[in-house]
Amino acid sequence: MRLDSPQINIMTRACMKASRSLIRDFGELENLQVSTKGPGDFVTSADKRTEKILIEELQKAHPDYGIITEESGQINKTNVKNRWIIDPIDGTMNFLNGIPQFAISIGYEEDNEIKCGVIFNPIMNEMFIAEKGNGAYLNNSRIRVSNKKKIDDAIIVTGGPKKASKIKDKIFSEYIDVSKHVSNVRKFGSAALDMAYVACGRFDGYWQRELNYWDIAAGIIILKEAGGFVDFFEMSNDVPLKRNVLASNSNIHNELSKLIVKKNIE
Ligand code: 2AM
Ligand code: CA
C-alpha cells in the first residue's frame, strides 16, 4: 500500500510539479559555474521559482491554510490550525556546487502537530512520504529505521556549524566526542535528507544544532512513522522556529543523546 490521502496527494503533486523546474535549473548550473557572475544569484532565483510553484499548487487546494516558508516568510499568518511548512531547496550549498544531494521538503501541520511530510530528491527520484498513523514510505516501499543496537557500530550523520554560528567550538567538540564513540560520522549537507536517510535505515542517527523549522518539519513525521525517535534539545522558547534536533533508531537514542545533550547544558 502507498499513502493516498487528499493531503498527501496535494503535497506530492506540488512536489512533482516544482521538481520539473528544479531539475532544469540544476542542469543549467553546469553552464553557470564558468561564468564570471557565478551561480549564487541563479540559485537564489531557483529557490524562489521552486517555492512559488509549491505555494501556487498548495494554495490551489487550500487557499486559507497558513504557510511558513524559507524564502517568503509567513502567509495567512492568522491560520495557525492548518499550516504547510516549506523548504524549496534543502541542501542549497550542494545544489550550488552541482552535488545532487538536495530536496524539496513539505510538512503539513494541524493544531501544532506535524501530520504529513514529503521529502523529494528529484535527481535520485526518491520520494519519502509519511502520514501520522499510516507509516512512512520511500517511493512505493514501506521504510523503517535501522535495527542497529550498539552505538559503537552506528553510522551517524550531522551538519553545521553554519558560517555565522556563535557556538562553532561547541559543535566541533561535540563532533569529536561523537566520532570517538561511533563507527563513523558523515556530513551530507541536507538536513531533510539526513532525517529521511535515518528513517530508511541508511544512517542510524542524526543530530544538528541551529536548524530552522522548515529544514526538519517533514523529516519529523517521516522519522516517527518509520519507528524512530526525534528530540528537540535545549530549545529556546523565544525563537520557536529554531531547533536543535537529535533523531535515531530507538536502540541507540539514549546513548547518542547522552553524548550530545548532557555535557552541553549551559
Ligand atoms: P539549506 O540548504 O536550506 O540552507 C546543512 O548542514 C543543512 O543545514 C541544510 O539542511 C541547510 O539548509 C541547513 N541550514 C539551516 N540554516 C543554515 C545556514 N545558515 N547555513 C547553512 N546551512 C543551514
Ligand atoms: Ca533548509
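Counting convention: from 1, in listed order, for ligands and their atoms alike. Computed from a predicted structure; not experimentally measured.
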### Message
The test is salt bridge (Lys or Arg N to Asp or Glu O under 4.0 Å); show your working for Glu234 and Arg209 and say whether it passes.
### Response
CA-CA 9 Å; Glu234 298 166 25; Arg209 290 178 180 268; 3.0 Å; yes

For [X] and ligand 1, answer yes if some heavy atom of the residue is under 4.0 Å from a ligand atom, otherwise no.
X      : result
Asn94  : no
Gln208 : yes
Glu70  : yes

### Electrostatic pair Lys132-Glu110, nearest N-O below 4.0 angstrom
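Glu110 and Lys132: not salt-bridged.
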
#### Entry: Ionic contact status for Lys258 with Glu255, cut-off 4.0 Å
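Result for this pair is no, no salt bridge flagged.
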
### Contact bool for atom 23 (C) of ligand 1 (protein heavy atom, d < 4.0 Å)
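Protein heavy atoms within 4.0 Å of atom 23 (C) of ligand 1 - there are none.
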
### For ligand 1, the portion of Thr92 having any non-hydrogen atom under 4.0 Å away
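Near ligand 1, Thr92 shows its backbone as well as its side chain.
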
### Query
Looking only at heavy atoms, is any part of Ser190 under 4.0 Å from ligand 1, and if so is it the side chain, the backbone, or both, or is it neither?
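Within the 4.0 Å criterion, Ser190 contacts ligand 1 through backbone atoms alone.
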
Considering only heavy atoms of [X], which atoms of ligand 1 have at least one such atom less than 4.0 Å away?
X      : result
Asp87  : 3 (O)
Asn212 : 15 (C), 16 (N)
Gly160 : 6 (O)
Ile89  : 3 (O)

### Task
Starting at CD of Gln208, measure out to CD1 of Ile260 and round the result to the nearest 0.5 Å.
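Gln208 atom CD to Ile260 atom CD1 measures 11.0 Å (nearest 0.5 Å).
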
### Query
Rounded to the nearest 0.5 Å, what separation is found between the CG atom of Leu193 and the OH atom of Tyr206?
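Leu193 CG to Tyr206 OH: 10.5 Å, rounded to 0.5 Å.
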
### Query
To the nearest 0.1 Å, how far is atom 19 (N) of ligand 1 from its closest protein heavy atom, and which atom is that?
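That would be Lys162 CD, 3.1 Å.
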
### Query
To the nearest 0.1 Å, how far is atom 11 (C) of ligand 1 from its closest protein heavy atom, and which atom is that?
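That would be Asp90 OD1, 3.9 Å.
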
### Task
Please report the C-alpha distance between Gln59 and Ile67 in whole Å, then the side-chain angles of each, then the deciding distance to 0.1 Å, and finally whether the side-chain contact (heavy atoms from CB on, under 4.5 Å) criterion is met.
CA-CA 9 Å; Gln59 282 189 326; Ile67 303 184; 3.9 Å; yes

#### Entry: Ring center gap for Tyr65 and Tyr108 short of 6.0 angstrom
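Yes, the ring of Tyr65 comes within the 6.0 Å limit of the ring of Tyr108, centre to centre.
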
### Query
Quick check: does Gly159 get an N/O under 3.5 Å from an N/O on ligand 1?
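N/O-N/O distance below 3.5 Å does not exist for this pair.
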
#### Entry: N/O separation below 3.5 Å, Gly91 to ligand 1
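The answer is yes, given that Gly91 and ligand 1 share an N or O pair closer than 3.5 Å.
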
### Query
Out of Leu96, Ile216, Leu211, whose heavy atom sits nearest atom 13 (C) of ligand 1?
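Considering heavy atoms of Leu96, Ile216, Leu211, the nearest to atom 13 (C) of ligand 1 sits in Leu211.
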
### Message
Suppose the cut-off is 3.0 Å; which protein N/O/S atoms would you list for the Ca ion (ligand 2)?
### Response
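Protein N/O/S atoms under 3.0 Å of the Ca ion (ligand 2): Asp87 OD2, Asp90 OD1, Asp215 OD1.
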
### Query
Would Thr69 and Leu54 count as a side-chain contact (heavy atoms from CB on, under 4.5 Å) if you check the C-alpha gap in whole Å, the side-chain angles of each, and the deciding distance to 0.1 Å?
CA-CA 10 Å; Thr69 72; Leu54 292 172; over 6 Å; no

### Stepwise salt bridge (Lys or Arg N to Asp or Glu O under 4.0 Å) check, Arg20 with Glu57
CA-CA 14 Å; Arg20 287 196 282 276; Glu57 285 301 303; over 6 Å; no

